[in-house]
Amino acid sequence: MLIVKTLFHFKTIKTRLLFLAMLALLVPLLTVSYFSYNKSAANLDELGRQNLKNSVEMTIETIEILNQQVKQENLPLEEAQELVRQAILGEKNPDGTRPINKKINLGENGYLFILDQKGKLIAHPNIEGKNMWDTVDVDGKALGQEMIKAGNNGGGFTYYKWELPNNKNQIETKVTYSKTDPYWGWTVAASTYMIDFNKPADEILKMILIIIGVILIVGGLFVWFYT
């Protein structure tokens, strides 16, 4: 009904034909774009979550190898544990921070960290040594407790709201996969923001919109001159 009313607002057949042609082009293009974007975003989310999980599993395998060296008395426990910290992050700086290992790609803001069973951060880029047992997000979710619980249950994801590191006023959804290793009782976690997963999908959406714009312009010109 709305389309019919809109159609009669145009006084000439030419403009009416142009309107109908643009509508015929726009509806299927937008429909295909919508489903393509959602499918791409969902696939990228799944790949991102799998990447977090694989990084945690890789770290636990490293712990297993080093733990064997400890058992064979080839390596002191403290040294083996420090090697794990350096493997997932880097050597500790004089100010107590550690660099994020860029070889482990977890997105722009992603990194690995480790908790003990009481919530103390065994390894972390910025707040190593602090306890996050009672740390909560804007919704009141106890992050440390949730991650340790998921880790002790064989591994799982924790979703929560957290401020962006470069913009404290912007709150975004963050995802963490955690799993507890059976050797030292550490809960190994890999974390990043969901928006890091979707950046490639956003680029795809921009490209789709550009293509839609070009098609509409070319199609509109063709219909205009043809009529």
Salt bridge or not between Arg98 and Glu128? Use side-chain N to carboxylate O under 4.0 Å. yes

Using the rule given for side-chain contact (heavy atoms from CB on, under 4.5 Å), can you reason through Met58 versus Ile104, listing the C-alpha separation, both sets of side-chain angles and the distance that settles it, and then say yes or no? CA-CA 11 Å; Met58 176 194 68; Ile104 304 175; 4.1 Å; yes

Any salt bridge linking Lys179 with Glu57? Criterion: basic side-chain nitrogen under 4.0 Å from a carboxylate oxygen. yes

Residue pair Glu79, Gln81: steps toward the side chain to side chain donor-acceptor pair (under 3.5 Å) verdict: CA-CA 5 Å; Glu79 186 176 339; Gln81 292 178 338; over 6 Å; no

Under a 4.5 Å side-chain heavy-atom rule over Ile, Leu, Val, Met, Phe, Trp and Tyr, are Ile127 and Phe113 clustered together? yes

Please output the side-chain donor-acceptor pairs of residues 70-78 that fall under 3.5 Å, not counting sequence neighbours, one pair per line with the distance.
residue, atom, partner, partner atom, Å
Gln72, OE1, Asn74, ND2, 3.1
Asn74, ND2, Gln69, OE1, 3.3

Expected output: side-chain Asp134 to main-chain Ala142 donor-acceptor under 3.5 Å: no

Start with the C-alpha gap between Lys141 and Glu146, add the side-chain angles, then the distance that decides, and say whether salt bridge (charged side-chain N to carboxylate O under 4.0 Å, His left out) holds. CA-CA 8 Å; Lys141 181 178 289 186; Glu146 291 288 335; 5.8 Å; no

Considering non-hydrogen atoms only, spot the tightest contact between Thr192 and Gly107 and give its length. OG1-CA, 4.3 Å

Any side-chain heavy atom of Trp186 sitting closer than 4.5 Å to one from Ile63? yes

Would you say the side-chain atoms of Asn101 pair up with the backbone N or O of Ala87, donor to acceptor, closer than 3.5 Å? yes

Could you give the distance from CD (Glu172) to OH (Tyr193), rounded to the nearest 0.5 Å? 8.5 Å

To the nearest 0.5 Å, what is the distance between NZ on Lys161 and CG on Leu143? 12.5 Å

Going by atom types only, do Ser178 and Thr187 share a side-chain donor-acceptor pair under 3.5 Å? no

Tell me, which pairs form a ring-ring contact (aromatic ring centres under 6.0 Å, His included) where one or both residues lie in residues 135-163, sequence neighbours left out? Phe157-Tyr177

Hey, are the side chains of Leu106 and Leu112 touching, using non-hydrogen atoms and a 4.5 Å cut-off? yes

Salt bridge Arg85-Glu82, side-chain N to carboxylate O under 4.0 Å: yes

Check whether the side chains of Glu163 and Asn167 place a donor and an acceptor atom closer than 3.5 Å, and report yes or no. no

Take Asp137 and Ile171, measure what side-chain contact (heavy atoms from CB on, under 4.5 Å) needs, and give me the verdict at the end. CA-CA 10 Å; Asp137 71 351; Ile171 305 298; over 6 Å; no

Counting C-beta onward and ignoring hydrogens, is there a side-chain heavy-atom pair between Leu115 and Lys120 closer than 4.5 Å? no

Is there a side-chain contact between Ser55 and Asn51, using heavy atoms and a 4.5 Å cut-off? yes

Can you find a side-chain donor-acceptor pair between Asn67 and Trp184 that sits under 3.5 Å? yes

Take Val84 and Ile114 through the side-chain contact (heavy atoms from CB on, under 4.5 Å) test and state the conclusion after the steps. CA-CA 10 Å; Val84 173; Ile114 300 173; 4.0 Å; yes

Can you find a pair of side-chain heavy atoms, one from Thr158 and one from Lys149, that are under 4.5 Å apart? no

Under a 3.5 Å cutoff, is there a donor and acceptor pairing between the side chains of Gln117 and Asn152? yes

CD1-NZ distance between Ile100 and Lys102, expressed to the nearest 0.5 angstrom: 5.5 Å

For Ile88 against Ala123, the heavy-atom pair lying closest together: CD1-CB, 4.2 Å

Which atom of Asp116 lies closest to which atom of Ile148, heavy atoms considered: O-CD1, 3.4 Å

Value rounded to 0.5 Å, distance of NZ in Lys92 from OG1 in Thr97: 9.5 Å

Check against side-chain contact (heavy atoms from CB on, under 4.5 Å), Tyr111 and His124: CA-CA 9 Å; Tyr111 56 86; His124 193 278; 3.4 Å; yes

Whether the side chain of Asn93 engages the backbone of Gly96 through a donor-acceptor N/O pair (distance < 3.5 Å, no angle test) should be reported. no

I'd like to know if the side chain of Asp181 reaches the main chain of Ile60, judged simply by a donor and an acceptor atom lying under 3.5 Å from each other, with no hydrogens or angles considered. no

